[in-house]
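Working notes, structure below.
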Amino acid sequence: MSEKHEITNVLRALHTQGITKITFDYSGGGDEGSFETPEFYEGDKKVYPDWTKVMSDEETDYDEDSFLGQVYEDYGRLNQWYSFAGDYSCNGTVTINTETGDFDDSGEQSTMQHQSHTGNVFKDDRESF
């Protein structure tokens with residue numbers, strides 16, 4: 001993809017269409033995950049982008065899936081989870097302000113790391129509950 005169509009430039013192009021906010025969900029873990037259900041807003045009103053104004057060449061089709069693909073490849077910033085590989089599960093929503101570039105990743109993560117607790121019922125004092 002050309003430099004003109006890097007995620008920062010795509011966000012700017014969407015902003016010139018009046019789109020001020022984008023939200024999308026993610027979920028994953030255990031080496032699988034995805035970003036999905038993007039919603040585009042002009043103020044509080046849900047709108048649909050004109051993807052032809054984002055991409056200038058007629059040979060390339062750019063759409064919602066292309067946008068989510070760029071989000072996935074924006075490692076360490078919009079994609080805090082990289083390939084979703086690890087012993088965890090996560091889900092959340094990312095919100096982007098297209099004017100300022102500020103984003104918020106509001107989500108949850110649960111780890112599936114091995115836990116081990118040992119002791120001796122005859123020798124250890126039991127904690128009061």
Side-chain angles (χ1 to χ4, degrees):
M1 190 163 291
S2 72
E3 179 179 312
K4 176 180 169 86
H5 302 111
E6 290 179 4
I7 191 71
T8 53
N9 294 326
V10 170
L11 294 173
R12 288 184 183 108
L14 291 170
H15 185 70
T16 63
Q17 294 181 42
I19 294 171
T20 56
K21 179 175 78 171
I22 303 167
T23 65
F24 49 87
D25 299 326
Y26 65 86
S27 63
D31 207 22
E32 291 186 24
S34 64
F35 294 92
E36 50 202 35
T37 62
E39 294 182 342
F40 303 86
Y41 294 89
E42 184 176 335
D44 292 332
K45 179 184 172 191
K46 188 174 174 183
V47 295
Y48 298 93
D50 180 352
W51 294 114
T52 62
K53 292 182 179 177
V54 174
M55 295 293 278
S56 60
D57 59 53
E58 306 236 347
E59 297 176 16
T60 306
D61 289 332
Y62 192 90
D63 58 14
E64 187 175 288
D65 290 336
S66 305
F67 173 74
L68 290 175
Q70 284 190 288
V71 167
Y72 185 89
E73 292 174 3
D74 195 47
Y75 299 131
R77 195 168 43 185
L78 294 175
N79 179 358
Q80 300 287 324
W81 306 100
Y82 296 80
S83 65
F84 293 93
D87 291 334
Y88 64 84
S89 64
C90 63
N91 62 50
T93 302
V94 175
T95 303
I96 306 171
N97 178 318
T98 62
E99 181 179 13
T100 64
D102 293 333
F103 67 91
D104 178 57
D105 180 348
S106 176
E108 300 175 343
Q109 176 185 10
S110 63
T111 61
M112 295 177 268
Q113 295 177 353
H114 178 70
Q115 300 282 326
S116 177
H117 303 283
T118 60
N120 183 305
V121 236
F122 297 117
K123 295 180 182 176
D124 296 343
D125 290 335
R126 181 178 165 190
E127 290 184 17
S128 301
F129 295 104

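Atom set for the values below is all heavy atoms of this structure, side chains included, hydrogens, waters and symmetry mates excluded. Since the model is a prediction, treat every value here as computed from it, not as a measurement.
Closest non-hydrogen pair, F40 versus P49, comes out as CD1-CD, 3.6 Å. What you find for E36 and L68 is that their closest heavy atoms are CA-CD1, 3.9 Å. Looking at every heavy atom in both residues, V54 comes nearest to Q17 through CG2-NE2, 3.8 Å. Heavy-atom minimum distance, G18 versus E42: O-CG, 3.1 Å.
At most 12 heavy atoms of other shown residues, nucleotides or ligands fall within 6.0 angstrom of atom CD in E99. Atom CG of D31 is surrounded by more than 12 heavy atoms from other residues, nucleotides or ligands within 6.0 Å.
Considering CG of D74 and CD of E6, their distance stands at 9.5 Å, rounded to 0.5 Å. Of the inter-residue distances, the one linking Y75 atom OH with Y82 atom OH reads 9.5 Å to the nearest 0.5 angstrom. With values rounded to the nearest 0.5 angstrom, L14 atom CG is found 10.0 Å from D50 atom CG.
A centroid separation of 6.0 Å or more is found between the aromatic rings of F35 and F67.
In this structure the side chain of N91 reaches within 4.5 angstrom of the side chain of E108, judged on heavy atoms. Side-chain contact between R12 and T16: absent, with no pair of heavy atoms (C-beta onward) separated by less than 4.5 Å. A 4.5 Å side-chain heavy-atom check between V94 and Q80 finds every atom pair outside the cut-off.
Between the side chain of E32 and the main chain of G29, no donor-acceptor pair closer than 3.5 Å is present. Checking side-chain atoms of T100 against main-chain N and O of D102 turns up a donor-acceptor pair under 3.5 Å.
The side chain to side chain contact (heavy atoms under 4.5 Å, CB included) test with E39 singles out one residue from D25, T95, T23, I22, and that residue is T23. A side chain to side chain contact (heavy atoms under 4.5 Å, CB included) with I19 is found for exactly one of V47, L11, I96, namely V47.
Connection of Y41 to L78 is not established within any shared hydrophobic cluster, with ILVMFWY side chains joined at heavy-atom distances below 4.5 Å, either directly or through further cluster members.
Y26 and N79 form no side-chain donor-acceptor contact under 3.5 Å, judged by distance and modelled atom types alone. Counted by atom type alone, S106 and T93 present zero donor-acceptor pairs between their side chains at under 3.5 Å.
Using cut-offs of 30° and 60° for the angle between ring planes, the W81 and F84 rings count as parallel.
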